[in-house]
Amino acid sequence: MKASHGASAEVAAATAARDILAAIYTAPADVQRFDNLLSEQLKGIPRGLARQGQAVGHAAAAAVLSWRQNDGWPATQAAATAPDPTYVLPTFPGLWQPTPPANSFATFTFFPRVKPFAMLTSTQFLPPPPPTLISARYATDFNEVKLRGQDTSGARTAEETLMAQVHASVNTQIGFFHVWNRVAADIAQRQGLSLIDTARLFALLAVAIHDGCKRHSRASSHMGCGGRSPRSAVRARI
């Protein structure tokens with residue numbers, strides 16, 4: 001979108017972020033929080049430059065939302081994270097089943113059908129299939145998971161415990177994906193990246209994570225939502 005050279009790039013980025021977030025997180029309290037954050041960002045910026053920057057931000061957000069409107073992802077975050085009671089698999093070995101204590105229905109069952117960002121298809125770069133349930137490799141991995149994944153395991157190092165907790169969002173305020181956002185932020189600050197380069201860094205990171213997860217979900221879809229080998233399926237209760 002063309003705009004005056006005096007338009008604030010910071011305001012454009014903040015406005016685009018506000019519009020995208022408000023379109024996904026639609027609860028009134030969330031939208032109000034996004035509005036408040038944007039208002040803070042606008043402080044101290046001349047009204048004319050801010051107004052031009054907001055116009056660019058609104059247009060950029062609208063273009064992105066239009067581009068991904070029919071990509072297979074639910075329209076709101078609440079819909080995306082809602083349990084899917086229709087996803088029920090036979091109780092055969094290797095197929096996903098609800099787990100204690102909640103025994104809740106599966107979530108994100110739509111994900112294998114979501115359109116990738118960078119890959120041509122979600123099957124473009126498939127990894128090797130997981131080992132069969134009766135193979136020696138499966139037994140070895142299963143025993144390793146029991147040895148290292150138990151909550152009282154003495155075979156796991158302190159670093160492995162921390163990594164498992166972060167990956168499973170246990171005893172931590174951030175999850176696995178948030179860690180990489182923190183890494184990207186640290187790199188951008190350390191390298192002194194510009195606003196545009198920082199935005200590009202975060203966009204490429206999000207695309208890589210999304211399409212990487214799609215690659216895995218398609219490869220393991222025959223095992224059910226989240227189906228995988230025992231080594232990658234570990235959710236240590238630590």
Side-chain angles (χ1 to χ4, degrees), residues 1-82 107-108 110-111 113-120 122 166 169 172-214:
M1 175 182 175
K2 293 183 179 181
S4 167
H5 290 296
S8 171
E10 290 77 8
V11 170
T15 300
R18 179 268 167 207
D19 287 357
I20 295 292
L21 289 169
I24 298 173
Y25 298 89
T26 56
D30 287 335
V31 175
Q32 184 61 57
R33 182 159 57 92
F34 304 146
D35 289 341
N36 293 341
L37 290 171
L38 179 59
S39 296
E40 288 293 321
Q41 191 77 24
L42 296 179
K43 288 182 178 180
I45 299 178
R47 183 174 301 178
L49 301 184
R51 183 168 58 250
Q52 294 178 66
Q54 284 185 287
V56 174
H58 288 315
V64 171
L65 291 171
S66 176
W67 168 45
R68 299 295 294 187
Q69 186 173 15
N70 298 310
D71 64 353
W73 195 280
T76 66
Q77 182 68 5
T81 57
T107 56
F108 291 92
F110 59 85
F111 192 62
R113 301 184 296 276
V114 176
K115 182 180 179 181
F117 279 91
M119 295 190 304
L120 298 177
S122 58
V166 171
S169 300
T172 178
Q173 295 181 349
I174 61 175
F176 175 70
F177 298 137
H178 303 111
V179 170
W180 291 110
N181 285 331
R182 297 283 183 91
V183 170
D186 288 345
I187 291 175
Q189 186 175 30
R190 193 173 303 162
Q191 298 293 328
L193 298 185
S194 67
L195 173 63
I196 298 300
D197 286 340
T198 299
R200 177 176 173 80
L201 171 62
F202 275 94
L204 291 174
L205 173 64
V207 166
I209 291 175
H210 178 276
D211 283 13
C213 287
K214 279 205 60 61

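The figures that follow rest on heavy atoms only: side chains count, while hydrogens, waters and symmetry mates do not. Along the sequence shown, residues carry numbers from 1.
With rounding to the nearest 0.5 Å, the separation of CD1 in I20 from OG1 in T15 is 11.5 Å. Note that the CD1 atom of I196 and the CG atom of L201 stand 13.0 Å from one another [nearest 0.5 Å]. Atoms CZ and CD, on R18 and Q54 in that order, are 10.0 Å from each other to the nearest 0.5 Å. L21 CG to L38 CG: the interatomic distance, rounded to the nearest 0.5 Å, is 11.0 Å.
Nearest heavy atom pair, residue V31 against residue Y25, reads CG2-O, 3.7 Å. Nearest approach of L205 to A184, heavy atoms of both residues: CD2-CB, 3.9 Å. Closest of all the heavy-atom pairs between T76 and A23 is CG2-O, 4.3 Å. Across every non-hydrogen atom of K115 and R68, the tightest pair is O-NH2, 2.6 Å. The two atoms that bring G53 and A7 nearest to each other are N-CB, 4.0 Å, heavy atoms only. D19 and A61 get closest at one heavy-atom pair: CB-CB, 3.5 Å.
Using a 4.5 Å cut-off on side-chain heavy atoms (C-beta onward), T198 and L193 make contact.
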- From CA spacing to verdict: side-chain contact (heavy atoms from CB on, under 4.5 Å), L42, S39: CA-CA 5 Å; L42 296 179; S39 296; 5.5 Å; no
- Message: Run V11 and L49 through side-chain contact (heavy atoms from CB on, under 4.5 Å) and show every step you take.
- Response: CA-CA 9 Å; V11 170; L49 301 184; over 6 Å; no
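Judged purely by distance below 3.5 Å, without hydrogens or angles, the side chains of Q32 and N36 pair a donor atom with an acceptor atom.
For D197 and R200, the salt-bridge test fails: no basic side-chain N is under 4.0 Å from an acidic carboxylate O.
With T81 contributing its side chain and Q77 its backbone, the two residues share a donor-acceptor pair below 3.5 Å.
In this structure F110 satisfies the ring pair (Phe, Tyr, Trp, His ring centres under 6.0 Å) test together with W73, F108, sequence neighbours excluded. Legend: residues meeting ring pair (Phe, Tyr, Trp, His ring centres under 6.0 Å) with F117, ordered by chain and number and at least two apart, are W67, H210.
Each of L204, I209, D211 was compared with V207 under the side chain to side chain contact (heavy atoms under 4.5 Å, CB included) criterion, and only D211 meets it.
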